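Report on one structure; see the data block that follows.
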Amino acid sequence: MSAGEEAPSELIASRRRKLEALRAEGVEPFPHAFEGVKSVSVVKEPHAELADGEETTVGARIAGRLAARRGQGKNAFVDIVDRSGRMQLHARVDVIGEESFERLLSLDLGDLVGADGTVFRTRRGELSLRLQSWTLLAKSLRPPPDKHHGLTDLEARYRHRELDLMANEETRALFLTRAKVIATIRRKLDERGFVEVESPVLQPLYGGGAARPFVTHHNALNRDFYLRIAVELYLKRCMVGGLERVYELGKNFRNEGLSTKHNPEFTMLEWYEAYADYSDMAARCEELVSQVASEIGYDGPIDFSTPWARETLAGSIQARTDIDVLAHRDLDALRAAMRERELEVPDEQTWAQLVDHLLSKYVEPTLQQPTFLMDYPVELSPFAKRHRGDGDGSDNGLVERFEAFCGGMEIANAFSELNDPDEQRARFEQQRAAAAAGDAEAHPYDEAFLRALEQGMPPTGGIGIGIDRLIMVLTGRQSIRDVLLFPALRQP
RNA sequence: GCCCUUGUAGCUCAACUGGCAGAGCAGCGGACUCUUAAUCCGAAGGUUGAAGGUUCGAUUCCUUCCGGGGGCACCA
């Protein structure tokens, strides 16, 4: 399995001999184009009612990978697979001629071929193409995965996704679904008057989340940049600028461990809407996701229909552990309450972290159906606005923030955005103190962002949706690696 | 980082308690004009992830390392 020194393989040598033989016969093994190709599904679609054994005069040109071959005499059946499906070709030596027939039989599985023929259905009922002529479109020099069992080895599927895609129809279907999810999201947001923006991936200062960043270096400027961990702060500057409704859909990067729910680069959607708050974000979120689910024909155990369940964070913890975290509003009190109920007390250093622990251990795994958890502690939320409470100032140290959960994991995070520059500055000061105390994920102080807020940002609702996780939920996958074409792996 | 588990032919998988590493598909040679996991005949294909160790003998037992999966930790 070394990349450099290739083990000598008779299988590869055989394919190379065929390649040279073709060239010697004057056949170009890598032609430039093949015009007028129709997809297999388009060719098949009008002939669904064709009777067994019936011929048509409908000509069609298809192209794809040679996936199987049956019959080697004076006729042969070969299967061509394209993105849309599989179609059988029937080749007869008395139709296509001796030379073309022999050459067809000498093809290797995996070769790319183009075919012209007429549509017919075999006596056994297979809608096929009566081959008139064919062309080699690209020679394949390596053996494809097993034609029947496909490729099942997970490591091979992740490292060589091209093999997974060519061998496993479900893999192709999954990534087509992924594309449809993303296209639908864009369309829905565009329809609602959101403008798509692109903020820097290389940032002088990272921000918008609690995470460790990747650091890189720009040679000409002789300075370091961070790969963004979120787009939040830039999009809010767009809001200050008056764009009113903006979104960005792109990659974020976090320098953390890998897991079934975490990849170091992942796709995030964030949008911001002027004159809206977190309740409006929840309504838009559940509407968008349920529309996407129906658009892709989701048919699984999760009910995405609106409205989704809503609980408060504190209420959700109390329901599952019998602990009211708001009645034990400091570290020692909460620890005591946990001990009293014989819960394991981890080594967390702050009340907020302990709340976060209770959430992820006792609540999150139970949230299979879509659920919003509302109203988070301010300590966990440096960019969210204080809770309006009941108008009597009794906000309990909470902010207007929710996270959406589904399939036992977080898929979205939203707030009524903090737009008071002085309070934002104070929050940054707290983060600075946390960093000084050793918190590696503390948020860095961002003066440019504060300066923008001082220009005045409208009341704004904002949200981030983890697209990879959303696709996991929509496709029923347990690992984020299954929904990423090329997941991060160790060096082989 | 820790724990469990896993790695055999190009692919999919066997190999009992330690006893000659095997099959299907693919590939190679041949037969076959409606097959579809085509069929039939023949020949071939291996440093069992790597390196050590125990043993008369290791795919099998032990150690270390590398890769994958799961869990914990870390982390949204």
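Protein chains get the first letters and strands the later ones, always in sequence-line order, with residue 1 at the start of each. All values below were derived from every heavy atom in this structure, side-chain atoms included, with hydrogens, water molecules and symmetry-related copies excluded. None of the values given here were measured: they were computed from a predicted structure.
Of the nucleotides present, B:G53 is the one that pairs with B:C61 by Watson-Crick or G-U wobble criteria, both distances under 3.5 Å. Pairing of B:C2, defined by two Watson-Crick or G-U wobble distances under 3.5 Å, is identified with B:G71. Base pairing analysis places B:U36 opposite nothing; no Watson-Crick or G-U wobble pair with both distances below 3.5 Å involves it. Nucleotide B:G7: paired with B:C66 (Watson-Crick or G-U wobble, both distances less than 3.5 Å). In a base pair of the Watson-Crick type (N1 to N3 plus N6-O4 or O6-N4) or a G-U wobble (N1-O2 and O6-N3), with each distance short of 3.5 Å, B:A14 is matched with no nucleotide.
Using a 4.0 Å heavy-atom criterion, one finds that A:Gly466 contacts no nucleic acid atom at all. Counting non-hydrogen atoms under 4.0 angstrom, A:Arg15 reaches nothing in the nucleic acid. Counting non-hydrogen atoms under 4.0 angstrom, A:Glu364 reaches nothing in the nucleic acid. Using a 4.0 Å heavy-atom distance criterion, A:Leu163 is classed as making no nucleic acid contact. Residue A:Ala211 is in sugar-phosphate contact alone, with no base atom involved, counting any heavy-atom pair closer than 4.0 Å across all strands shown. A:Arg130 comes within 4.0 angstrom of a nucleotide base, judged by non-hydrogen atoms across all strands. Using a 4.0 Å heavy-atom distance criterion, A:Leu359 is classed as a base contact.
Donor-acceptor pairing under 3.5 Å, judged by distance alone, is present between the side chain of A:Asp146 and the base of B:G24. A donor-acceptor contact under 3.5 Å links the side chain of A:His262 to the base of B:C75.
Checked against the 6.0 Å centroid criterion, the rings of A:Tyr278 and A:Phe415 do not qualify as a close aromatic pair. Aromatic ring centres of A:His443 and A:Tyr206: separated by at least 6.0 Å.
Side-chain polar atoms of A:Glu232 and A:Tyr234 form no donor-acceptor pair below 3.5 angstrom.
Dashed line: the shortest gap from a side-chain N or O of A:Lys147 to OP1 or OP2 of B:C25 is not under 4.0 Å. For A:Arg157, no side-chain nitrogen or oxygen approaches OP1 or OP2 of B:C11 to under 4.0 Å. Note on A:Arg70: every side-chain N or O is 4.0 Å or more away from OP1 and OP2 of B:U36. For A:Arg490, a side-chain nitrogen or oxygen approaches OP1 or OP2 of B:G68 to under 4.0 Å.
Within 6.0 Å of atom CD in A:Glu99, 12 or fewer heavy atoms from other residues, nucleotides or ligands are found, so the atom counts as exposed in its surroundings.
Taking 4.5 Å as the limit, some side-chain heavy atom of A:Val473 sits within range of a side-chain heavy atom of A:Met409.
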